[in-house]
Amino acid sequence: QVHLVESGGGSVQAGGSLRLSCAASGLTFSSTPVGWFRQAPGKEREFVAVISRSGDTNYADSVKGRFTISRDNAKTTVYLQMNSLKPEDTAVYYCACRRPYSGGGDYYLPTGWANYNYWGQGTQVTVSS
């Protein structure tokens, strides 16, 4: 059974930093891209960042230059380093992955939430002005 567990959320002031972690179990971690999404109250879940099996990355325009996604396959963990945080970054952050080797290749960077099969429970990030 696949489990994804996010951690590292919290409350910070604008301009601060947080590092989120997504620890995976129950699958061959290197076999899937891993994405981060977020959902603010009253809004739809939106794409934040993704890292491919090969380590390529893609970001939403709203976080480009401020957030960095990385992965450590040996630790079966993906990280999201968030710098220069803004109040509009406030949301619940979720990590997600696909079924192992389920298509797309090593460089696949899916940005739509429907492309993911497994989700964590989320971690709250609150940025105050």
Side-chain angles (χ1 to χ4, degrees):
Q1 192 170 3
V2 177
H3 285 288
L4 301 177
V5 179
E6 302 96 336
S7 62
S11 297
V12 295
Q13 290 192 326
S17 298
L18 285 172
R19 188 176 82 154
L20 306 183
S21 298
C22 171
S25 61
L27 81 167
T28 303
F29 187 66
S30 59
S31 69
T32 172
V34 180
W36 282 98
F37 291 77
R38 66 187 181 186
Q39 188 166 19
K43 295 188 176 181
E44 293 188 352
R45 190 168 299 192
E46 66 174 359
F47 165 74
V48 175
V50 58
I51 186 163
S52 71
R53 299 197 314 229
S54 65
D56 289 350
T57 59
N58 190 22
Y59 299 90
D61 287 343
S62 59
V63 307
K64 205 168 291 185
R66 299 187 297 123
F67 291 11
T68 302
I69 188 171
S70 61
R71 68 189 299 161
D72 185 335
N73 288 337
K75 295 183 178 179
T76 65
T77 300
V78 166
Y79 304 98
L80 186 68
Q81 177 67 43
M82 306 187 296
N83 298 329
S84 303
L85 283 162
K86 304 175 180 180
E88 51 263 44
D89 294 319
T90 296
V92 177
Y93 283 70
Y94 301 89
C95 66
C97 67
R98 292 167 55 83
R99 292 189 188 92
Y101 300 112
S102 56
D106 288 347
Y107 304 98
Y108 185 36
L109 292 164
T111 60
W113 64 266
N115 292 304
Y116 292 85
N117 306 109
Y118 306 108
W119 293 82
Q121 83 290 346
T123 186
Q124 176 71 46
V125 172
T126 303
V127 185
S128 58
S129 57

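FYI, side chains are in, hydrogens and waters are out, and symmetry mates aren't considered; it's all heavy atoms of this structure.
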(request) Evaluate side chain to side chain contact (heavy atoms under 4.5 Å, CB included) for Trp36 paired with Phe67, printing each intermediate quantity in order. (result) CA-CA 11 Å; Trp36 282 98; Phe67 291 11; over 6 Å; no
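- Residues Trp113 and Glu46 form no side-chain contact, since every pair of their non-hydrogen atoms from C-beta on lies 4.5 Å or further apart.
- Closest non-hydrogen pair, Asn115 versus Tyr108, comes out as OD1-OH, 3.6 Å.
- Using a 4.5 Å heavy-atom cutoff, the side chains of Thr32 and Ser102 are not in contact.
- The shortest side-chain heavy-atom distance between Arg45 and Trp119 falls under the 4.5 Å cut-off.
- Two residues are said to be in side-chain contact when any heavy atoms from C-beta on lie closer than 4.5 Å; Ser128 and Ser11 fail this criterion.
- The cluster map of Ile, Leu, Val, Met, Phe, Trp and Tyr, joined by side-chain heavy atoms under 4.5 Å apart, puts Val48 and Ile51 in the same cluster.
- Closest approach of Gln121 and Tyr94 over heavy atoms only: O-CE2, 3.5 Å.
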(request) Run the numbers on Lys64 and Asp61 for salt bridge (Lys or Arg N to Asp or Glu O under 4.0 Å), then give the verdict. (result) CA-CA 5 Å; Lys64 205 168 291 185; Asp61 287 343; 3.1 Å; yes
(message) Run the side chain to side chain contact (heavy atoms under 4.5 Å, CB included) test on Arg99 and Tyr118 for me, step by step, so that the C-alpha distance in whole Å, both residues' side-chain angles and the decisive distance to 0.1 Å come before the verdict.
(response) CA-CA 8 Å; Arg99 292 189 188 92; Tyr118 306 108; 3.7 Å; yes
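- Taking hydrophobic clusters as Ile, Leu, Val, Met, Phe, Trp and Tyr residues chained together by side-chain heavy-atom distances below 4.5 Å, Val125 does not share a cluster with Val50.
- The closest donor-acceptor contact from the side chain of Arg71 to the backbone of Ser52 lies under 3.5 Å.
- A distance of 11.5 Å separates CZ of Arg19 from OG1 of Thr68, quoted to the nearest 0.5 Å.
- Residues Ser129 and Pro87 come closest through the heavy atom pair CB-CG, 3.9 Å.
- Contact of the Thr90 side chain with the Gln124 side chain is registered, since non-hydrogen atoms from C-beta on lie closer than 4.5 Å.
- The closest side-chain heavy-atom distance from Met82 to Leu20 is below 4.5 Å.
- Across all non-hydrogen atoms, the minimal contact from Glu6 to Cys95 is OE2-N, 2.9 Å.
- Hydrophobic clustering of Ile, Leu, Val, Met, Phe, Trp and Tyr side chains at less than 4.5 Å, counting indirect connections, keeps Val2 apart from Tyr116.
- The shortest side-chain heavy-atom distance between Leu80 and Arg38 does not fall under the 4.5 Å cut-off.
- Listed by chain and residue number, nothing satisfies the ring-ring contact (aromatic ring centres under 6.0 Å, His included) test with Tyr59 (two or more places apart in sequence, or in another chain).
- Hydrophobic cluster membership is shared by Tyr93 and Val63, with clusters built from Ile, Leu, Val, Met, Phe, Trp and Tyr side chains linked at under 4.5 angstrom.
- With Asp106 contributing its side chain and Ser54 its backbone, the two residues share no donor-acceptor pair below 3.5 Å.
- From Arg53, atom CZ reaches atom OG of Ser30 across 8.5 Å, with rounding to the nearest 0.5 Å.
- The 12-atom threshold is exceeded at OH of Tyr101, counting heavy atoms of other residues, nucleotides or ligands nearer than 6.0 Å.
- Residue Ala24 comes nearest to Leu4 through the heavy atom pair CB-CD2, 3.5 Å, listed as atom of the first residue, atom of the second, then distance.
- Considering all non-hydrogen atoms of both residues, Cys97 and Val34 come closest at CB-CG2, 4.3 Å.
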